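Okay, structure first, notes after.
A quick note: this is a predicted structure, and the numbers were derived from the prediction, not measured. As a basis for the values below, the full set of heavy atoms in this structure was taken, side chains included, without hydrogen atoms, waters or symmetry mates.
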Amino acid sequence: MEIVKLSVYGNSNIGVYIFVNNEIALVPPGLPRDDLKMISEILGVNILEFRVAGSPLNGVFVAGNDNGILLPHFVHSSELDWLKKEVSRYGLEVRALKSRVTALGNAILLNNKAGIVSPDFSGEDVKEMVEVLRINVVRRSLMNLPIPGSLGVVNDFGGIVHPDLPEDEIGLVKQILGVTVEKATVNAGVPFIKSGLIANNRGVIVGGITTGPEILRIKRGFGGG
């Protein structure tokens, strides 16, 4: 699995700007053509330029897998309608979640097998997630923080988690999501993995200041070393 570096708007926190699954990447407008080509080739996805309520923070506000995409309730209706039309060819359902939790990318850690979601979500929120994503989800904190999506990135085979995640919770992540994981950091020591890494089943892209030793650990986590 190839791992490459990328910055967005000169910022290494690429995970706050980009959402990916195995079909598409939602990227903010204005990225250089060479960067778009690299994202498309490394991850094997089609690129869609998108904003959530005019914000470029797709990675913060969007969560999803190969079955569906969840957006926060404040997404503009024009954005929602456009995205539904664009992804219908991939069989993806798109839904604006009515939840008071809006940073969905930070609150949901998932793949195509299962999900771990913030305990701040209501039972009705979880019911909607299951309908759209077509997976089982478990509500719980990791490291006593209600942001499991910020603490790791996984695909259907492996992933990376916060270096301070306790061993019992690592075991839980492995069991629920059906993956192997490795502790690591991104961007020269940042422990909140989601901020600096995007991945799917084909490839991994990391923030531009991620170090060589970090990349080695990331590669092991995703089964490449």
Using a 3.5 Å distance criterion without hydrogens, assess whether the side chain of N65 forms a donor-acceptor pair with backbone atoms of G68. yes
Go through the steps for K194 and N106 under the test side chain to side chain contact (heavy atoms under 4.5 Å, CB included), then give the verdict. CA-CA 7 Å; K194 174 66 180 291; N106 292 342; 4.3 Å; yes
Ring centroids only, cut at 6.0 angstrom: are F157 and F222 within range, meaning strictly under it? no
Using modelled atom types only, decide if a donor and an acceptor are shared between the side chain of R89 and the backbone of E86 within a distance under 3.5 Å. yes
Strictly under 6.0 Å, is that where the ring centroids of F61 and F19 end up? no
For residues I3 and I218, determine if any side-chain heavy atom of one lies less than 4.5 Å from a side-chain heavy atom of the other. yes
Is L26 close to L83 at the side-chain level, that is, under 4.5 Å between some pair of heavy atoms? yes
Could you tell me if the side chain of L80 sits less than 4.5 Å from the side chain of R95, heavy atoms only? no
Report, as yes or no, whether the 6.0 Å neighbourhood of atom CG on D168 holds more than 12 heavy atoms from other residues, nucleotides or ligands. yes
Taking A114's backbone N and O only, do any of them form a donor-acceptor pair with N111's side chain (distance below 3.5 Å, no angle check)? yes
Taking atom types as modelled and ignoring hydrogens, do the side chains of N201 and D156 form a donor-acceptor contact shorter than 3.5 angstrom? yes
Is a side-chain N or O of E2 found less than 3.5 angstrom from the main chain of I42, in a donor-acceptor match? no
Are V117 and M129 packed together at the side-chain level, in the sense that at least one heavy-atom pair is separated by less than 4.5 angstrom? yes
Check: T211 main-chain N/O paired with E214 side-chain donor or acceptor under 3.5 Å: yes
Side chain T185, main chain P191, donor-acceptor under 3.5 Å: no
First locate atom CD1 of I193, then atom NE2 of H162, and finally report the distance between them rounded to the nearest 0.5 Å. 7.5 Å
Can you classify the ring geometry of F50 versus W82 as parallel (below 30°), tilted (30 to 60°) or perpendicular (above 60°)? parallel
Does a side-chain N-to-carboxylate-O contact under 4.0 Å join R51 and E79? no
